[in-house]
**Q** 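Before I ask anything, here is the structure I am working with.
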Protein chains: 2
Amino acid sequence: MAERKTYHHGALRQALIDGAKEILAESGHEQFSLNEVARRAGVSTAAPYRHFTNRDDLLSAVAEEGYQTLAVDLEKATGLVGLGGAYVRFAHEHPGLFVTMFRSRPGGEASAAGEAAFGTLLRAVLAAQESGAIPAYASPELTARSIWATLHGLAVLHLQRPHERYGLGGEPEELATTTLSALLGVKPE
Amino acid sequence: MAERKTYHHGALRQALIDGAKEILAESGHEQFSLNEVARRAGVSTAAPYRHFTNRDDLLSAVAEEGYQTLAVDLEKATGLVGLGGAYVRFAHEHPGLFVTMFRSRPGGEASAAGEAAFGTLLRAVLAAQESGAIPAYASPELTARSIWATLHGLAVLHLQRPHERYGLGGEPEELATTTLSALLGVKPE
DNA sequence: GCTGCTATGTTAGTGCCGTTCACATAACTA
DNA sequence: TAGTTATGTGAACGGCACTAACATAGCAGC
């Protein structure tokens, strides 16, 4: 993708975001290089700075799109367990993107899509509590936050080797189901 | 620490590990630089390669010491909730080190200290299940793994801003207590 | 105590990185 | 059609991880 006819690219901003996702998918967050993104888009290494203030700014835009994709994935899932499976599966299928989304940034901004994703989880928790599928030790909000933490930890640990040692492995959905039922006694409907 | 009388440092390996921890504490994982570590130890930038094969190898040694510290911290805690609080507090007090320990490495090795830490958690879960403090939906092993995931997710999310949005904040111990009781109905003894 | 081996340090260099600056080109607007 | 603004380039900077050739010193066995 290094050839270009016109002097101006036309849609460089999106091309950079897409290229960044590509690199994250291929090589992971730690290997990400802004120069490499520019190379793939067929522009000079200085060009990205016309669209992003720096490397981190591009990664934030990539992360935002990640949150949107995640929100859509969660929306498609049904039930609390299905939603948990979708979360872990997202991390499993887009590990580089997932790490980029949740990398430790000192003063990370809130993401609208991230909020939407949480809202989806909240509704699932509410429904599960009302139907008695899970115990209601605490408010839906607090329970949803706690479950989010569980799913997130599960996803993060799943992206590394360690978890296998305790006999897990398996598909993301199985992981989520097993874990949620161990904590909440919930069963997939 | 840039002065030295003898040509040979004497204890460079440990000095590098300590310096690396210092940098992680000051600037975080993403800012870590091998050259900076060498500078602090008062040696040339090539010297570290006499003790570690590369930057990643040094970070792994640092991580191993981190696992040992974590294992000790968990050992000191009493009760399941106290242990959870200790886990989140460790991440809270050593964020750079924590990120380094759990960074996504393709083929991460198992850590003996990490296994020990899990063993401590497992015993706490066993005791809590036997005393009826938490429900026994699943085996102690599976439950312990699930709680580990929860604590880990909590710690990771706590290191970023996002969690505050849902009204958390507060001290690590409070976070762990609130979360575990929301999921398991467990109360601090 | 000298001699050689090996461990541990240095200096200088490579290539990649993120970032900036001065300048070129093209698209839009008056 | 002319001027302004948006978007690209090329060349440079310092910092990074890492390597190779060489220097020093600690430690054997003689």
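Convention: sequence-line order gives letters A, B, ...; per-chain numbering from 1.
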**Q** For A:Ala144, enumerate each residue passing the side chain to side chain contact (heavy atoms under 4.5 Å, CB included) test, keeping only those at least two apart in sequence or located in another chain.
**A**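 By the side chain to side chain contact (heavy atoms under 4.5 Å, CB included) rule, A:Ala144 matches A:Phe118, A:Leu121, A:Leu122, A:Val125.
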**Q** Could you check which residues of residues 54-63 of chain A get a heavy atom under 4.0 Å from DNA chain C? Sort them by number, please.
**A**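 Listed by number, they are A:Asn54, A:Arg55.
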**Q** Does B:Ser33 reach a base, just sugar-phosphate, or nothing at all? Heavy atoms under 4.0 Å.
**A**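 Counting heavy atoms under 4.0 Å across all strands, the contact made by B:Ser33 is with sugar-phosphate only.
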**Q** Rounded off to whole Å, could you give me the CZ-to-C1' distance for the A:Phe52 and C:dT19 pair?
**A**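 So the two atoms are 16 Å apart, to the nearest Å.
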**Q** Can you sort out the partners of B:Asp56 under salt bridge (charged side-chain N to carboxylate O under 4.0 Å, His left out), two or more places apart, ordered by chain and number?
**A**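 In terms of salt bridge (charged side-chain N to carboxylate O under 4.0 Å, His left out), with neighbours along the sequence ignored, B:Asp56 is linked to B:Arg103.
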**Q** Looking only at side-chain atoms of B:Ser44, point me to the closest of D:dT19, C:dT11, C:dT19.
**A**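 Taking heavy atoms from C-beta onward, the closest nucleotide is C:dT11.
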**Q** Write down the distance between CZ (A:Phe32) and P (C:dG18), rounded to a whole number of angstrom.
**A**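 Value for this atom pair: 7 Å.
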**Q** Going only through I, L, V, M, F, W and Y residues with side-chain contacts under 4.5 Å, is there a path from A:Val72 to A:Tyr67?
**A**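 Result: no, two separate clusters.
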**Q** Between D:dA17, C:dT19, C:dC23, which one does the side chain of A:Asn35 approach most closely?
**A**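 It is C:dT19.
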**Q** Could you tell me which residues satisfy salt bridge (charged side-chain N to carboxylate O under 4.0 Å, His left out) with B:Glu75, sequence neighbours excluded, listed by chain and number?
**A**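 Expected list: B:Arg123.
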**Q** Can you name the side chain to side chain contact (heavy atoms under 4.5 Å, CB included) partners of A:Phe32, sequence neighbours left out?
**A**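 Side chain to side chain contact (heavy atoms under 4.5 Å, CB included) list for A:Phe32, sorted by chain: A:Ala20, A:Ile23, A:Leu24, A:Val37, A:Arg55, A:Leu58, A:Leu59.
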**Q** Side-chain N or O of A:His51 less than 4.0 angstrom from OP1 or OP2 on D:dG8?
**A**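 Answer is yes, contact under 4.0 Å.
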**Q** I need the CD-C1' distance between A:Glu36 and C:dG18, as an integer number of Å.
**A**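 So the two atoms are 14 Å apart, to the nearest Å.
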**Q** Rounded to the nearest Å, what distance is computed from the CD atom of residue A:Gln31 to the P atom of nucleotide C:dC16?
**A**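 That distance rounds to 14 Å.
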**Q** Under a 4.0 Å threshold between the charged nitrogen and the carboxylate oxygen, would B:Glu26 count as salt-bridged to B:Lys21?
**A**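 No, no charged N to carboxylate O under 4.0 Å.
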**Q** Under 4.0 Å between a side-chain N or O of A:Arg13 and OP1 or OP2 of D:dG8?
**A**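 Checking A:Arg13 against D:dG8: no side-chain N or O falls below 4.0 Å of OP1 or OP2.
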**Q** Which residue pairs pass the salt bridge (charged side-chain N to carboxylate O under 4.0 Å, His left out) test with at least one member in residues 128-144 of chain A, sequence neighbours excluded?
**A**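 For residues 128-144 of chain A: none.
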**Q** Would you mind reading off the distance between A:Leu12 atom CG and C:dT25 atom P, rounded to a whole angstrom?
**A**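 Rounded to the whole Å, the gap is 19 Å.
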**Q** Please state whether the phosphate of C:dT19, meaning OP1 or OP2, lies under 4.0 angstrom from any side-chain nitrogen or oxygen of A:Arg50.
**A**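 Checking C:dT19 against A:Arg50, no side-chain N or O comes under 4.0 Å of OP1 or OP2.
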**Q** Considering only side-chain heavy atoms of A:Ala46, which listed nucleotide, C:dC21, C:dG18, C:dA22, is closest?
**A**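 The answer is C:dC21, which lies nearest to the side chain.
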**Q** If you find the nucleotide of DNA chain C closest to A:Tyr49 and the one closest to B:Ala47, which residue's nucleotide is nearer the 5' end?
**A**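 Between the two, 5'-proximity favours B:Ala47.
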**Q** So if I take every side-chain heavy atom of B:Val43 and compare against C:dT19, C:dC23, C:dT10, which nucleotide ends up nearest?
**A**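 Selected nucleotide: C:dT10.
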